[in-house]
Amino acid sequence: MTNSFFFSQTGLDLSRTQSILNETLHGAEDGELYLEYAQSEAFMFDDNRLKTANYDVSQGFGLRTVCGDTSGFAHASDLSEGALKRAAAAVSAINSGKDFVYADGPARTNIKLYTDENPLDEIPFAEKTKLLEAINDYARSKDDRVRQVSCSLTGEWSAIEIMRPGGEVVRDFRPLVRLNVSVTAGIGDRQETGSHGTGGREGYSRFISPQAWKAQVDEALRQALNNLEAEPAPAGEMEVVLGSGWTGVLLHEAVGHGLEGDFNRKETSAFAGRIGERVAAPGVTVIDDGTLAERRGSLTIDDEGTPTSRNVLIEDGILKGYMQDRMNARLMGVKPTGNGRRESFAHQPMPRMTNTFMLGGDKEPEEILKTVKDGIYAVNFSGGQVDITSGKFVFNCTEAYRVQNGKVGKPLKNVALIGDGPAVMNQVSMIGNDFALDPGIGVCGKAGQGVPVGVGQPTIKIDAITVGGAGM
């Protein structure tokens, strides 16, 4: 299918393309030609009507040559021999005159983590719009305090082909879908919003059944009504319990980015040079796993052609390794881990997370909460910021509760968690047995590139973390 598109329906000829690639990368240490064809659609229902219905097709190539720690990169949406030759001339400019030995290609895999089928072809346009209208009507009928409903349905499908000198070729077909619901409820002058999304690398069917989307609406409405009763948050250093699932986004930001290979090779991460050292409390095991079937962050192969893998980053509190693309792995003398990712053909690959999570422990969540004398129970986050060098972060909670003497009390608003990743990981004192992954909504940004990711964790207790609230 990819061959048919790239070399039968475009201006590219297979043998000529391979010849240009061989010549361009002769004497280089690594590199590849990345070909991509992608379709996407997005539907948004808002203010009781369909606001947007978009469809887009993109295609192009990215040509990269690598010499040492320097790379030349050129891309174009014009899939023609002329464009490829111009790109080849540009990337060849980094050739230092050294005769590098070209790196061995990635290992091959027969594993397939998701369907080849295009989700955009699964159901007709009219059914997609009717689905969003039904979601809107159901949400508004649930409670007379509902003032606004927004829902969106998005789907993507991409075909990629990665070519290397000598005729080595790997291919992948990648589906990705997401359904998101947002509900705003109000009493008097006060309004609050709740939202819930689901998605994954599969077709639409699992997410658009009435049972599934009604559960999403109910959850979004529950959050909105809960937030209407929220009180101002306290401030200061206190105990914090993080719920399971999506709260793993804090782990992703505060710890995960610091474990990516490029930051550690350049020694700009708080975790640089600490392999074999204790960086977290006993019991804390952090995994990055791109091999989970149909998960949002999963890939059969990464964007350099390396099969993804299950990488143990921290084991029982001890730092075991980093996430690597090909270039950083070679320069650090280790093997690639299948974490070389790019947003599209117009971007260079770099070390990125896939599905990053903390494994579960042996404590019941209720048992953990009962140990809290005066603290916060954080269930959902809207996002945050992190400084990779120091590990310092700020995260905003969209759902949190006051906990006093082991009892969960009133919901809180304007809760921010402030700390640094390494310190917080060493403050983990209890780990729950309720491990969960997020529902499939994560997007990670790095160096201007966004890629889909997954996060997860069990309920955990952090003995001391700064909470920013009304008292700050």
Side-chain angles (χ1 to χ4, degrees), residues 30-38 40 42 54 56-66 69-78 87 90-91 93-94 154 156 158 160 162 174 176 178 199 249-250 252-270 272 288 290 296-297 299 302-304 306 322-329 331 336-356 381-396 421 441-455:
D30 205 355
E32 71 286 309
L33 175 64
Y34 181 92
L35 298 157
E36 180 182 58
Y37 170 79
S40 64
N54 298 329
D56 182 66
V57 174
S58 64
Q59 64 181 35
F61 70 83
L63 178 62
R64 183 178 65 143
T65 182
V66 180
D69 62 354
T70 303
S71 62
F73 180 73
H75 65 88
S77 57
D78 177 13
V91 302
I94 72 158
T154 61
E156 303 173 23
S158 61
I160 70 158
I162 302 170
R174 299 171 175 175
L176 187 68
R178 177 172 171 176
V249 70
L250 189 150
H252 168 102
E253 294 288 355
V255 178
H257 278 298
L259 297 177
E260 291 168 336
D262 48 354
F263 296 127
N264 289 280
R265 177 177 66 83
K266 298 172 184 177
E267 298 185 349
T268 57
S269 167
D288 183 85
R296 183 173 173 85
L299 293 170
D302 72 4
D303 295 322
E304 298 177 305
T306 305
Y322 307 119
M323 292 166 278
Q324 303 285 5
D325 64 352
R326 286 176 61 84
M327 184 179 78
N328 285 280
L331 294 171
T337 58
N339 290 90
R341 305 190 63 187
R342 63 181 99 200
E343 181 178 323
S344 74
F345 68 87
H347 302 83
Q348 292 198 62
M350 65 179 81
R352 304 292 299 271
M353 284 173 274
T354 57
N355 304 296
T356 311
F381 292 116
S382 60
Q385 297 176 326
V386 63
D387 180 272
I388 300 300
T389 302
S390 65
K392 293 182 178 179
F393 63 82
V394 178
F395 264 83
N396 300 313
I441 58 175
V443 177
C444 173
K446 177 180 176 181
Q449 295 191 42
V451 296
V453 296
V455 300

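Quick note: residue numbers are just sequence positions, from 1.
- Asp387 contributes a side-chain N or O that, together with a main-chain N or O of Ser390, makes up a donor-acceptor pair within less than 3.5 Å.
- With respect to the salt-bridge test (charged N to carboxylate O, under 4.0 angstrom), the residues Arg174 and Asp303 qualify.
- No close placement of the His347 and His75 rings is indicated, their centers lying 6.0 Å or farther apart.
- If you take CG on Asn264 and OH on Tyr322, they are separated by 4.0 Å, rounding to the nearest 0.5 Å.
- No donor-acceptor pair under 3.5 Å is formed between the side chain of Glu36 and the backbone N or O of Ile160.
- Side chains of Pro452 and Val443 form no contact here, defined as non-hydrogen atoms less than 4.5 Å apart.
- Asn339 contributes a side-chain N or O that, together with a main-chain N or O of Arg352, makes up a donor-acceptor pair within less than 3.5 Å.
- Annotation: the span from Arg296 atom CZ to Cys444 atom SG amounts to 11.0 Å, rounded to 0.5 Å.
- Judged by distance alone, the side chain of Thr354 and the main-chain N or O of Gly290 form a donor-acceptor pair under 3.5 Å.
- Here Gln348 contributes atom CD and Glu304 contributes atom CD; the two are 10.0 Å apart, rounded to the nearest 0.5 Å.
- Between the side chain of Glu253 and the main chain of Val386, no donor-acceptor pair closer than 3.5 Å is present.
- Residues Val453 and Arg341 share a closest heavy-atom pair of CG1-NH1, 3.7 Å.
- Under the 6.0 Å cut-off for aromatic ring centres, Phe395 and Phe381 qualify, their centroids lying closer than that.
- The main-chain N or O of Gly340 is found under 3.5 Å from a side-chain atom of Asp302 such that the two form a donor-acceptor pair.
- Checked for salt-bridge contact, Asp30 and Arg326 meet the test: a charged N lies under 4.0 Å from a carboxylate O.
- Between the side chain of Ser269 and the backbone N or O of Gly258 there is at least one donor-acceptor pair closer than 3.5 Å.
- Taken to the nearest 0.5 Å, the NE2 atom of His257 stands 7.0 Å off from the CZ atom of Phe263.
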Query raised in the report: Do Met350 and Arg342 pass the side-chain contact (heavy atoms from CB on, under 4.5 Å) test, and can you show the C-alpha distance, the side-chain angles, and the key distance before you say yes or no?
Result: CA-CA 7 Å; Met350 65 179 81; Arg342 63 181 99 200; over 6 Å; no
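- Using a 4.5 Å cut-off on side-chain heavy atoms (C-beta onward), Phe393 and Leu250 make contact.
- The closest side-chain heavy-atom distance from Ile94 to Thr65 is below 4.5 Å.
- In this structure, the side chain of Asp262 does not engage the main chain of Asn328 through any donor-acceptor pair within 3.5 Å.
- By the 4.0 Å N-to-carboxylate-O rule, Arg178 lies too far from Glu156 to be salt-bridged with it.
- Across all non-hydrogen atoms, the minimal contact from Pro351 to Gly261 is CB-N, 3.8 Å.
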Report task. Test Met327 against Arg265 for side-chain contact (heavy atoms from CB on, under 4.5 Å), laying out the working first. Result -> CA-CA 10 Å; Met327 184 179 78; Arg265 177 177 66 83; 4.0 Å; yes
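- Remark: Glu32 CD to Leu63 CG distance equals 8.0 Å, nearest 0.5 Å.
- Inter-residue side-chain proximity for Asp288 and His252 is flagged as unmet; no heavy-atom pair is nearer than 4.5 Å.
- Contact annotation: the side chain of Arg64 approaches that of Pro349 to within less than 4.5 Å [non-hydrogen atoms, C-beta and beyond].
- For NZ of Lys446, the number of neighbouring non-hydrogen atoms (other residues, nucleotides, ligands) closer than 6.0 Å is greater than 12.
- Distance check, rounded to the nearest 0.5 Å: OH of Tyr34 to CZ of Phe73 gives 10.0 Å.
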